[in-house]
Amino acid sequence: CVIIIDEAHERTLHTDILFGLIKDIARFRSDLKVLVASATLDTERFSCFFDDAPVFRIPGRRFPVDIFYTKVRLYLNPCVLVCEEIEACCELLQERCRRLGSKIAELLVLPIYANLPSDMQAKIFNPTPPGARKVVVATNIAETSLTIDGIIYVIDPGFCKQKSYNARTGMESLIVTPCSRASANQRAGRAGRVAAGKCFRLYTAWAYKHEMEETTVPEIQRTNLGNVVLLLKSLGINDLIHFDFMDPPPHETLVLALEQLYALGALNHLGELTKLGRRMAELPVDPMLSKMILASEQYKCSEEVLTIAAMLSVNNSIFYRPKDKVVHADNARMNFVVPGGDHLVLLNVYNQWVESGYSTQWCYENFIQFRSMRRARDVRDQLEGLMDRIEVEVVSCQGDSVPVRKAVTAGYFYHTARLSKGGYKTVKHQQTVYVHPNSSLFEEQPRWLIYHELVFTTKEFMRQVIEIESGWLLEVAPHYYKSKELEDSSSKKMPRKQGKTKEELG
DNA sequence: CTCTCCCT
């Protein structure tokens with residue numbers, strides 16, 4: 001039996017988990033052969049992790065790429081770095097071309113990024129007309145995920161946008177950071193696929209050598225580990241603090257994940273998986289989402305909650321808002337607003353799309369991204385298929401929003417915010433947070449809110465919020481909230497302290 | 001008063 005782990009250098013969350021599991025299994029399976037394939041040269045790390053496994057070097061078939069550095073660090077126009085980098089950069093280039101007029105040959109400027117509608121993505125593959133040149137302005141989608149034929153020159157600004165996770169506050173953010181040398185080399189390599197090429201790095205040779213990290217920080221060290229911990233527990237791995245990770249995640253991240261799973265009732269006070277936890281682990285989604293789906297059984301609204309879970313899983317890419325049609329797009333979006341909050345708006349969008357017969361035209365007319373809807377439908381189908389296994393009957397609450405909001409509360413009570421004089425504060429950490437301006441509740445400002453996620457961009461924003469009543473918190477999580485902590489007159493609103501230490505839970 | 005690196 002042979003297991004191959006390909007693209008190991010990408011160090012995704014899942015390959016890293018696989019490393020740990022396979023190393024463990026290989027110890028008592030002498031018939032098992034493991035082959036780890038990596039495109040980078042840091043083979044020693046992999047070899048060392050797998051008990052000094054032998055290394056084979058397979059030469060690649062690539063053309064040479066000349067690399068040029070600048071004398072000083074060059075930055076793209078600052079506005080390009082601050083917001084909507086790809087679109088802004090395209091506009092900048094096009095404006096320069098207009099000013100040069102007939103002095104230069106025609107230059108096609110084309111953007112590419114994952115959330116760009118597919119028909120616009122397809123343009124980068126069209127053959128360039130004779131005499132013209134093509135510039136593709138890309139995110140790191142072009143670094144790994146797709147290959148564009150005929151690229152001879154690469155310009156590398158030396159930055160990337162990376163997700164980072166703060167386990168103390170449970171907040172994630174996208175931060176522009178210098179990329180690693182491995183990433184820079186991957187980018188340069190894109191110039192040498194069809195012929196000898198050139199790569200222009202907008203930074204100095206010194207910066208490359210001394211300032212950049214050798215490799216990118218693996219995803220496992222900068223993400224929420226809730227579902228990883230639940231998965232490992234369900235596989236019978238109890239001592240996560242001592243699990244053999246190639247690069248262990250921050251201790252606080254593991255502790256927070258354990259703490260949240262305990263609060264959700266997925267783990268008992270010994271850190272063992274409960275019956276509820278076992279059912280939660282059957283669903284390939286984050287623990288809170290999983291708990292929300294399981295709670296929908298009690299409130300007889302699984303039909304609606306499955307849709308909401310699916311819509312929440314396609315991150316913020318449902319509504320299409322092109323720059324030149326902002327007013328139209330915002331009007332279209334307003335037409336979907338229903339009372340109660342964003343989850344119910346998403347439910348409304350999905351249901352109307354179902355009524356349209358899953359129509360592409362309907363999406364186009366309503367400024368909805370078809371690709372995201374199709375993805376939501378796939379996720380929903382997959383989740384619905386698992387309902388049997390976790391013994392949840394698929395039923396509808398027929399338009400009543402209370403059961404739906406209670407089910408959301410049952411999964412997300414950890415994400416409660418309360419309106420006070422200074423604005424919203426999280427109940428857990430008394431952290432000041434803001435309703436995202438895209439939210440349907442942006443102007444309403446209800447007293448009690450549950451947020452789906454907390455993201456830092458220009459401020460600490462709650463994205464996807466739903467209005468709740470404080471009494472529901474007691475109903476769905478009596479073990480977590482005590483009634484007097486929710487009284488309006490009380491000045492301190494703290495959840496009950498959890499007496500479990502990491503040792504007990506780990 | 002926003003603003004999306006990538007994938008499951």
Side-chain angles (χ1 to χ4, degrees), chain A residues 6-7 9-18 79-89 91 111-117 120-121 137-146 156-165 172-180 183 186-187 216-220 222-224 226-228 231 283-286 289-290 309-310 312-323 326 329-330 333 342 369 371-372 375-376 378-383 386 423 433-445 453 455-465:
Chain A
D6 200 4
E7 311 278 359
H9 62 281
E10 287 190 16
R11 300 296 305 274
T12 65
L13 185 55
H14 293 281
T15 46
D16 269 26
I17 300 301
L18 268 175
C79 90
V80 173
L81 273 180
V82 172
C83 59
E84 292 168 89
E85 292 85 347
I86 298 301
E87 295 289 348
C89 186
E91 273 170 34
I112 180 83
Y113 47 92
N115 276 345
L116 189 74
M120 295 175 69
Q121 282 193 352
V137 184
T139 62
N140 36 6
I141 192 172
E143 204 177 298
T144 50
S145 307
L146 60 86
D156 172 19
F159 288 107
C160 63
K161 264 191 172 176
Q162 255 186 4
K163 190 168 74 173
S164 72
Y165 179 67
E172 56 182 36
S173 39
L174 269 179
I175 299 171
V176 176
T177 40
C179 70
S180 63
S183 194
Q186 182 75 18
R187 292 174 184 190
T216 310
V217 176
E219 190 184 5
I220 198 165
R222 45 187 178 83
T223 194
N224 177 335
N227 49 359
V228 167
L231 171 76
L283 303 178
V285 296
D286 281 343
L289 209 57
S290 195
L312 289 171
S313 305
V314 295
N315 278 335
N316 310 306
S317 52
I318 299 289
F319 298 100
Y320 180 49
R321 198 170 183 263
K323 255 208 183 123
V326 165
D330 287 350
R333 185 179 185 142
D342 301 316
Q369 295 229 51
R371 206 158 29 126
S372 303
R375 167 99 187 113
D378 287 346
V379 171
R380 197 189 183 288
D381 287 349
Q382 191 192 343
L383 290 174
L386 291 165
V433 290
Y434 304 87
V435 177
H436 196 278
N438 268 350
S439 169
S440 64
L441 294 178
F442 180 63
E443 273 160 26
E444 280 186 47
Q445 306 272 308
E453 58 180 359
V455 288
F456 182 83
T457 52
T458 53
K459 266 188 195 170
E460 293 83 356
F461 284 116
M462 296 180 281
R463 240 194 230 151
Q464 318 289 18
V465 296

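Within every chain, numbering begins at 1; the chains are lettered A, B, ... in the order of the sequence lines, protein sequences first and strands thereafter.
- Taking atom OH on A:Y434 and atom P on B:dC3, their separation rounds to 14 Å, with Å as the unit.
- The distance from atom CG of A:N115 to atom P of B:dC6 is 7 Å, rounded to the nearest whole Å.
- Distance CZ (A:F456) to C1' (B:dC3): 14 Å, rounded to an integer number of Å.
- For A:S183 and A:E143, the side-chain atoms include at least one donor-acceptor pair closer than 3.5 Å.
- For the pair A:D16 and A:E219, the minimum side-chain heavy-atom distance is 4.5 Å or more.
- Taking only side-chain nitrogens and oxygens, A:R11 never comes nearer than 4.0 Å to OP1 or OP2 of B:dC7.
- Between B:dC6 and A:T139, a contact under 4.0 Å exists linking OP1 or OP2 to a side-chain N or O.
- Taking the nucleotide of DNA chain B with the nearest heavy atom to each of A:K459 and A:N227, the more 5' of the two is matched to A:K459.
- Of the side-chain N and O atoms in A:K163, none sit less than 4.0 angstrom from OP1 or OP2 of B:dC7.
- A straight line from CZ of A:R463 to C1' of B:dC1 spans 14 Å, rounded to a whole angstrom.
- A:H436 places its NE2 atom 10 Å from the C1' atom of B:dT4, with the value rounded to the nearest Å.
- For the pair A:E7 CD and B:dT8 C1', the computed distance is 16 Å after rounding to whole Å.
- Where A:A114 and A:N438 each meet DNA chain B at their nearest nucleotide, the meeting point lying more 5' is that of A:N438.
- Residue A:T457 places at least one side-chain N or O under 4.0 Å from the OP1 or OP2 atom of B:dC3.
- Counting distance only, with no hydrogens placed and no angle test, the side-chain atoms of A:R375 and the base atoms of B:dT8 include a donor-acceptor pair under 3.5 Å.
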message: Would A:S372 and A:S317 count as a side chain to side chain donor-acceptor pair (under 3.5 Å) here? Give the steps.
response: CA-CA 6 Å; A:S372 303; A:S317 52; 3.2 Å; yes
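- Using modelled atom types, one side-chain atom of A:D342 and one backbone atom of A:S440 make a donor-acceptor pair closer than 3.5 Å.
- Spacing between atom CG of A:D330 and atom C1' of B:dC1 amounts to 11 Å, rounded to whole angstrom units.
- Taking atom CG on A:N140 and atom P on B:dC7, their separation rounds to 9 Å, with Å as the unit.
- A:S313 has no side-chain polar atom (N or O) that falls below the 4.0 Å cut-off from OP1 or OP2 of B:dT8.
- No donor-acceptor distance shorter than 3.5 angstrom exists from the side chain of A:S173 to the backbone of A:I175, with no hydrogens or angles considered.
- Looking at heavy-atom distances under 4.0 Å, A:Y113 makes contact with sugar-phosphate atoms alone, never a base.
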